[in-house]
Amino acid sequence: MKKFFSMLLPASGLLLFVGGSAGRISAAEPGTTENRLPDWALGGFVRPAGANPVILPDSEVRFFCPMRKDSVGWMESDTFNPAATVMDGAICVLFRAEDNSATGIGKRTSRIGLARSRDGVRMRLEREPVLFPAEDAMKAYDWPGGCEDPRVAVTEDGTYVMLYTSWNRRIPRLSVATSRDLVTWTKHGPAFAKAYDGRFRDLKSKSGSIVTELDGGRLVIARVNGKYMMYWGERMINIATSDNLVDWTPELDANGNLKGVVFPREGYFDSALTECGPPAIVTDKGILLLYNGQNRLGEGRDKRYPARTYSAGQILFDAKEPGRVIGRLDVPFFRPVDDFEKSGQYRDGTVFIEGLVYFDSRWYLYYGCADSRVGVAVYDPAHPTPGDPVPSRPEL
């Protein structure tokens with residue numbers, strides 16, 4: 001286990017100044033209280049002033065789609081839900097983009113694009129997507145909905161592993177692809193296709209967070225108890241292990257059912273859903289997982305936050321018993337506060353975290369804004385701050 005928790009300092013103070021401008025809503029704002037994070041948590045994260053969104057739709061960018069057999073505006077409608085990693089001294093963001101082939105969530109075709117940045121904010125985009133529905137062995141899984149919601153981690157030898165959603169508009173499947181350059185990807189199929197004689201090949205699932213560790217300032221894939229491991233799932237968080245990072249075996253309970261380790265909590269911001277975020281991190285406190293929580297509609301929701309809103313939480317697991325929770329935030333460390341996080345394809349408000357990198361002594365968190373834009377927030381351990389302020393009054 002690599003020692004790096006000196007980089008995860010307890011939060012203190014109210015403001016972080018990025019580029020000379022304050023980047024946080026003050027906890028002194030009427031109707032909010034300070035959100036001081038425990039010493040095992042990462043953050044708080046600050047939105048750089050004037051920088052967001054960092055990736056926007058572009059109707060002028062086109063490519064020849066092998067599925068449509070025509071030129072399409074592959075990032076014309078929405079760009080969101082990004083993964084992130086580091087390669088050749090730059091942050092690389094892999095983001096989901098939707099064309100204009102239909103109206104409504106899940107009805108368009110999604111493809112995954114690539115952007116690079118030397119400062120974490122200003123992006124240089126590739127003109128064509130790097131992962132998309134094609135005439136390949138994944139046609140039955142990727143057509144026509146496409147490739148969605150990537151999470152990316154890298155091995156010590158430089159192999160990038162992407163977990164993404166294959167969406168054929170019938171069953172969303174957690175799938176695996178690998179690359180050496182982030183541009184050319186090899187698709188390996190559904191992550192659980194071989195486990196238990198294919199019992200979970202057609203399981204509905206969308207998210208997987210491979211466990212990583214910070215090694216010499218670089219996040220790389222780690223082993224836990226001798227195996228590669230990931231947290232995965234949405235309605236509950238599960239564990240799966242692998243020997244090769246391609247074929248994954250979900251953990252089962254004594255009755256042969258999926259062994260959930262984290263579930264939604266009534267009355268909290270994650271009352272409806274707990275979906276894994278970026279790759280988890282081994283720390284000297286345990287294994288830290290950042291995740292997305294959705295607030296319930298109706299009874300049982302956290303009334304401090306709008307119904308159906310997506311916010312971000314953190315969970316600490318025991319490193320020796322990675323299914324045992326030893327810490328969990330009761331309020332989100334990151335939640336929709338800016339207009340671009342509340343107005344878009346998902347109007348109830350979304351900050352959907354999927355990308356986290358350590359770069360230039362700072363942590364960069366990349367997230368989807370209302371299913372329509374890509375945003376970034378930064379945690380600088382040299383200038384610790386609280387999490388996003390907690391509303392003190394019920395949301396009407």
Side-chain angles (χ1 to χ4, degrees), residues 11 14 24-38 40-47 80-81 105 206-207 209 231 233-238 260-278 280 288-317 325-354 365 367-372 375 377 379 385-396:
L14 292 180
R24 175 178 300 287
I25 294 175
S26 171
E29 182 187 15
T32 66
T33 59
E34 185 177 271
N35 185 5
R36 188 171 293 271
L37 302 175
W40 54 261
L42 192 64
F45 285 86
V46 174
R47 299 155 178 85
F80 56 113
N81 292 8
I105 293 174
K206 301 180 65 177
S207 63
S209 301
Y231 296 98
E234 299 80 39
R235 298 299 172 185
M236 63 179 179
I237 293 174
N238 304 270
V261 296
V262 171
F263 298 85
R265 300 172 293 179
E266 185 170 336
Y268 289 88
F269 72 96
D270 52 9
S271 53
L273 176 146
T274 53
E275 181 168 348
C276 298
L288 184 63
L289 176 69
L290 280 62
Y291 71 100
N292 299 288
Q294 186 190 30
N295 203 14
R296 191 181 297 180
L297 177 66
E299 290 299 317
R301 75 175 176 96
D302 189 329
K303 295 182 180 179
R304 291 170 295 183
Y305 305 100
R308 301 183 72 242
T309 192
Y310 281 86
S311 301
Q314 299 187 38
I315 298 171
L316 186 69
F317 295 92
V325 175
I326 55 178
R328 185 172 181 179
L329 298 183
D330 286 339
V331 296
F333 74 98
F334 199 63
R335 64 180 177 87
V337 294
D338 286 327
D339 288 343
F340 59 85
E341 297 164 350
K342 300 176 182 179
S343 59
Q345 189 174 189
Y346 192 88
R347 298 182 183 277
D348 293 303
T350 302
V351 289
F352 199 84
I353 60 172
E354 290 187 20
L365 181 67
Y367 62 100
C369 310
D371 279 8
S372 294
Y379 167 49
T385 74
D388 283 348
V390 181
S392 57
R393 295 192 293 260
E395 174 78 21
L396 300 178

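What you are looking at is a predicted structure, and each value in this text was computed from that prediction instead of being measured.
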Under a 3.5 Å distance rule, please check whether Thr274 uses its side chain to pair with a backbone N or O of Gly293 as donor and acceptor. no

Contact between Phe317 and Val262 at the side-chain level, heavy atoms closer than 4.5 Å - yes or no? yes

So, do Arg296 and Glu266 sit near enough that their side-chain heavy atoms are less than 4.5 Å apart? yes

Hey, is the main chain of Arg301 close enough, under 3.5 Å, to the side chain of Asn295 for a donor-acceptor pair? no

Separation of Ile105 CD1 from Gln345 CD (nearest 0.5 Å): 5.0 Å

Looking at OG of Ser311 and CG of Leu329, how far apart are the two atoms once the value is rounded to the nearest 0.5 Å? 12.0 Å

Ignoring hydrogens, what is the shortest heavy-atom contact between Leu37 and Gly387? Give both atom names and the distance. CG-N, 4.0 Å

Side-chain heavy-atom pair Val351, Thr309 within 4.5 angstrom cut-off: no

Closest heavy-atom contact between Leu365 and Phe333? CD2-CE1, 4.1 Å

Hey, what do you get for CG (Asp339) to SG (Cys369), rounding to the nearest 0.5 Å? 11.5 Å

Can you check whether Asp270 reaches Arg328 side chain to side chain, under 4.5 Å on heavy atoms? yes

Do Pro336 and Tyr310 come close enough that some side-chain heavy atom pair is under 4.5 Å? no

Glu234 (side chain) donor-acceptor with Ser207 (main chain) under 3.5 angstrom: yes

Backbone N/O of Pro389 and side chain of Arg335: donor-acceptor pair under 3.5 Å: yes

In this structure, CZ of Arg308 is separated from OG1 of Thr350 (nearest 0.5 Å) by 8.5 Å

Taking side chain to side chain donor-acceptor pair (under 3.5 Å) as the definition, give me every residue that meets it alongside Gln294, ordered by chain and number, with sequence neighbours left out. Tyr346

How long is the span from the CG atom in Asp330 to the OH atom in Tyr268, to the nearest 0.5 Å? 4.5 Å

Give a yes or no on whether the backbone of Gly277 and the side-chain of Ser209 come within a donor-acceptor separation of less than 3.5 Å. yes

Judged by atom type as modelled, is there a donor-acceptor pair below 3.5 Å linking the side chain of Glu354 to the main-chain atoms of Gly368? no

Quick one: does Ser271's side chain have a donor or acceptor within less than 3.5 Å of a partner on Arg265's backbone? no

Tell me, do Leu290 and Pro278 make a side-chain contact under 4.5 Å, heavy atoms counted? yes

Does any part of the side chain of Ile353, heavy atoms only, come nearer than 4.5 Å to the side chain of Phe45, both counted from C-beta? no

Ser392 versus Thr32, closest heavy-atom pair with distance: OG-N, 3.7 Å

Do side-chain atoms of Asn35 reach the backbone of Pro332 as a donor and acceptor pair under 3.5 angstrom? yes

Scanning both residues in full, the closest heavy-atom pair of Pro306 with Asp348 reads CB-O, 4.4 Å

Could you tell me whether the side chain of Arg235 and the main chain of Ala272 form a donor-acceptor pair under 3.5 Å? yes

Any chance the rings of Tyr291 and Tyr231 have centres within less than 6.0 Å? no

Using the test salt bridge (Lys or Arg N to Asp or Glu O under 4.0 Å), find all partners of Asp302 that sit at least two apart in sequence or belong to another chain. Arg304

For a side chain to side chain contact (heavy atoms under 4.5 Å, CB included) check, start with the C-alpha distance between Tyr367 and Asn292, then their side-chain angles and the critical distance, and finish with the verdict. CA-CA 10 Å; Tyr367 62 100; Asn292 299 288; over 6 Å; no

